[in-house]
Chemist: 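Structure provided below as structure tokens; questions to follow.
All chains are named by letter (A, B, ...) in the order of the sequence lines, taking the proteins before the strands, and each is independently numbered beginning at 1.
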2 protein chains.
Amino acid sequence: MSGIADVARIAGVSKSTASRALTGGGYVSESTRQRVIDAARVIGYVASPNAASLVTGRTKNVGVIIPFVNRWYFGEVLEGIEDGLLACDYDLTLYNVRPGTTSRARIFEHFLARKRFDGIITIGIEPSPAELARLVSLERPVVALGGQLPGIASVSIDDVAVSRLATEHLIGLGHTRIVHIGGERSDDLVGSVHGRRLTGYMDAMEAAGLGAQILYVPSDMSVPGGYAAGVQVIGDPRNRPTAISAASDEVAVGTIIAARRTGMEVPSDLSVVGVDGHEYAEMFSLTTVEQSPREQGAAIVDLLMDALEGRPSADHVLLHPTRLVVRSSTARPRPEAMTRS
Amino acid sequence: MSGIADVARIAGVSKSTASRALTGGGYVSESTRQRVIDAARVIGYVASPNAASLVTGRTKNVGVIIPFVNRWYFGEVLEGIEDGLLACDYDLTLYNVRPGTTSRARIFEHFLARKRFDGIITIGIEPSPAELARLVSLERPVVALGGQLPGIASVSIDDVAVSRLATEHLIGLGHTRIVHIGGERSDDLVGSVHGRRLTGYMDAMEAAGLGAQILYVPSDMSVPGGYAAGVQVIGDPRNRPTAISAASDEVAVGTIIAARRTGMEVPSDLSVVGVDGHEYAEMFSLTTVEQSPREQGAAIVDLLMDALEGRPSADHVLLHPTRLVVRSSTARPRPEAMTRS
DNA sequence: CTGAAAGCGCTTACAG
DNA sequence: CTGAAAGCGCTTACAG
């Protein structure tokens with residue numbers, strides 16, 4: 001394992017000069033720089049990040065705090081972040097704070113305290129006050145993706161608006177008996193993304209004078225969750241809605257699977273709309289409000305880099321664009337269904 | 001930011017003693033140790049990993065090289081590994097070498113060379129000779145999950161056997177026109193998991209005297225991939241098989257979705273069997289050969305820890321157990337279908 | 001059982 | 001533009 005002393009010796013300069021040539025700081029004559037760089041390449045020299053960090057105080061590493069890795073949104077975002085960090089020459093340390101595990105406390109209290117990073121990106125995390133205090137105490141820039149941390153720069157979509165738009169799409173088609181699946185009032189660790197999407201649904205219903213028809217069924221934000229809830233909602237033939245506004249595409253897909261299994265046709269018997277732009281959306285011809293988590297991952301990296309390099313960032317809270325994509329999981333309700341309402 | 005000198009001062013001892021008390025190495029009287037620990041707690045002291053690594057040569061960090069984060073198997077395994085490393089007090093640095101990206105080369109040539117880890121876990125990676133040479137040149141223990149690296153300790157399932165078993169299950173039910181979806185001959189970066197599963201299918205067919213009926217359709221190892229391939233296979237009413245042996249549950253699920261969409265009933269018109277034990281399996285009543293990626297993640301961490309602590313590991317190539325779980329996506333073929341064969 | 005000293009591999013003022 | 005020296009925050013022989 002060769003060190004900078006070896007490079008210096010081969011290039012015939014001092015360690016100081018070798019360091020300057022390699023890191024790009026300070027004056028070095030072009031010819032010397034070239035000689036040093038060549039020497040480094042010849043022996044395959046790579047600076048020890050530990051030693052460098054010790055003196056510079058920078059680690060060239062970013063910590064990513066994420067609740068799941070195995071859900072579409074989180075996986076996409078994580079890959080977007082990884083790409084972004086790679087381009088900036090940063091490593092990524094993964095802190096998986098799955099809700100309902102004891103490891104979450106351990107990570108916040110023990111692992112983060114090591115400060116092995118120049119900054120932190122949280123994804124879909126709504127920290128408790130104690131956790132937030134921990135985060136602040138690290139004295140490193142923190143940026144948030146898809147969660148609202150007080151006083152922390154963030155990137156997200158407007159979760160209320162997307163769900164309102166999805167619901168308005170159903171209302172515009174003539175539906176009145178619209179059930180929302182996914183939402184819940186209580187906000188748990190994943191953040192109240194589903195809570196805000198429920199709000200969007202309710203807003204749309206009320207604005208259309210359908211406040212009395214508001215009905216929502218809580219569900220896990222996953223395909224099996226949507227399936228289980230869908231079976232329940234569809235099961236009762238007398239109170240069956242004509243349309244479902246799902247809190248996410250995973251929930252929507254689960255609902256469609258449940259519908260098909262029950263022998264219902266989508267969209268003739270039941271319209272279903274989701275939110276996300278999931279990779280399965282096309283396969284299920286799912287009408288949805290699309291977001292782009294990969295780009296959000298890139299955007300949050302940019303925001304963090306601004307903070308790390310002391311650049312003022314354009315915006316404190318960056319709202320990422322979304323768009324309604326109409327496919328064939330939604331249609332006008334059947335006439336008899338409409339009159340029954 | 002307080003250092004060990006502060007702890008030492010408060011506890012009234014030297015830095016040496018403070019360090020010994022905190023790291024557990026060498027002799028320290030019980031009372032002194034307690035005083036040091038208390039002092040550290042009072043000021044919230046956490047040793048700088050950089051400084052410690054610089055002298056010990058250990059980073060307490062593990063690099064994980066993974067092609068995807070967004071596929072069920074990989075996500076599960078990653079969470080299992082994260083849990084295991086957490087328990088051993090190791091951080092996890094993620095190296096996402098998605099196939100078909102330029103970042104793969106950059107990671108192998110640039111990022112890994114920093115050696116920010118005590119060891120490496122590769123997941124489903126079949127490195128090129130050059131990449132393997134890189135890995136070896138790091139002079140750190142490397143262990144592999146689900147890929148075969150020459151001379152490297154590994155954990156995996158018997159991919160040939162699971163697929164053979166799945167196919168035998170179909171044959172046992174009386175099927176003879178069985179198509180395999182997923183397999184391909186060429187092996188790409190993800191490793192030839194699908195190649196080995198194709199082999200298992202062919203072995204079973206040949207052993208049953210059905211060699212002439214062997215037929216396989218390549219597909220992406222994903223739900224949309226299985227859907228697309230399924231539509232093709234099912235589309236031709238004259239050559240339609242009575243059963244599908246899918247290379248993975250994701251492919252199987254995609255096939256089932258395609259079948260339902262085409263108006264076919266599973267299993268009465270078509271039996272489908274998968275491999276994995278995916279979280280969707282139950283929702284689709286999928287018969288499958290179950291593996292447990294989370295436990296494999298734990299097992300590979302154990303293997304790496306053995307190597308890091310100089311313990312001889314029990315086994316060099318550890319084959320993880322699997323089991324056939326019969327649900328209702330498979331059944332005897334219809335009589336007329338059988339005679340037609 | 002404890003402390004003074006050296007050193008891990010770098011970078012960075014500071015002189016020249 | 002270049003080099004000698006100090007120091008980043010720890011741990012570890014080595015004496016005592």
Chemist: Between B/S29 and C/dT2, is there a contact of a side-chain N or O with OP1 or OP2 at under 4.0 Å?
Modeler: yes

Chemist: Does a nitrogen or oxygen in the side chain of B/Y27 sit under 4.0 Å from OP1 or OP2 of D/dT12?
Modeler: no

Chemist: Given C/dG3, C/dG9, D/dT2, which nucleotide is nearest the side-chain atoms of A/V55?
Modeler: C/dG9

Chemist: Can you tell me the Watson-Crick or wobble partner of C/dA4, both distances under 3.5 angstrom?
Modeler: none

Chemist: Within this structure, what is the CZ-to-P distance between A/R35 and D/dC1, rounded to whole angstrom?
Modeler: 14 Å

Chemist: Going by atom type alone, with no hydrogens or angles, which donor-acceptor pairs under 3.5 Å involve a side-chain atom of residues 292-305 of chain A and a protein atom two or more places apart or on another chain?
Modeler:
residue	atom	partner	partner atom	Å
A/S292	OG	A/E295	OE1	3.4
A/R294	NH1	A/E76	OE1	2.6
A/R294	NH1	A/E76	OE2	3.4
A/R294	NH2	A/E79	OE1	2.5
A/Q296	NE2	A/Q291	OE1	2.8

Chemist: Should A/I65 and A/I107 count as side-chain neighbours, where that means a heavy-atom distance under 4.5 Å?
Modeler: no

Chemist: Take the protein atom NZ of A/K15 and the nucleotide atom C1' of C/dC10, then report the distance between them rounded to whole Å.
Modeler: 7 Å

Chemist: Compare all side-chain heavy atoms of B/D89 with those of A/F111 and state whether any distance is below 4.5 angstrom.
Modeler: yes

Chemist: Does the side chain of B/S14 get closer than 4.0 angstrom to OP1 or OP2 of C/dG3 through an N or O atom?
Modeler: yes

Chemist: For B/R116 and C/dG9, give me the distance from atom CZ to atom P, rounded to whole Å.
Modeler: 17 Å

Chemist: Within this structure, what is the CZ-to-P distance between A/R114 and D/dG9, rounded to whole angstrom?
Modeler: 18 Å

Chemist: Please evaluate residues B/F68 and B/N96 with respect to the criterion side-chain contact (heavy atoms from CB on, under 4.5 Å), reporting the C-alpha separation (whole Å), side-chain torsions for both, the decisive distance (0.1 Å), and the verdict.
Modeler: CA-CA 7 Å; B/F68 314 99; B/N96 188 192; 5.6 Å; no

Chemist: In whole Å, I'd like the distance from the OH atom of B/Y45 to the C1' atom of D/dG9.
Modeler: 7 Å

Chemist: Give a yes/no on whether any side-chain N or O of A/T17 is located under 4.0 angstrom from OP1 or OP2 of D/dG3.
Modeler: yes

Chemist: On the nucleotide C/dT2, are OP1 or OP2 found under 4.0 Å from the side-chain N or O atoms that B/T32 carries?
Modeler: yes

Chemist: Quick one: on DNA chain D, does B/N50 or B/S16 contact a more 5' nucleotide (nearest heavy atom)?
Modeler: B/N50

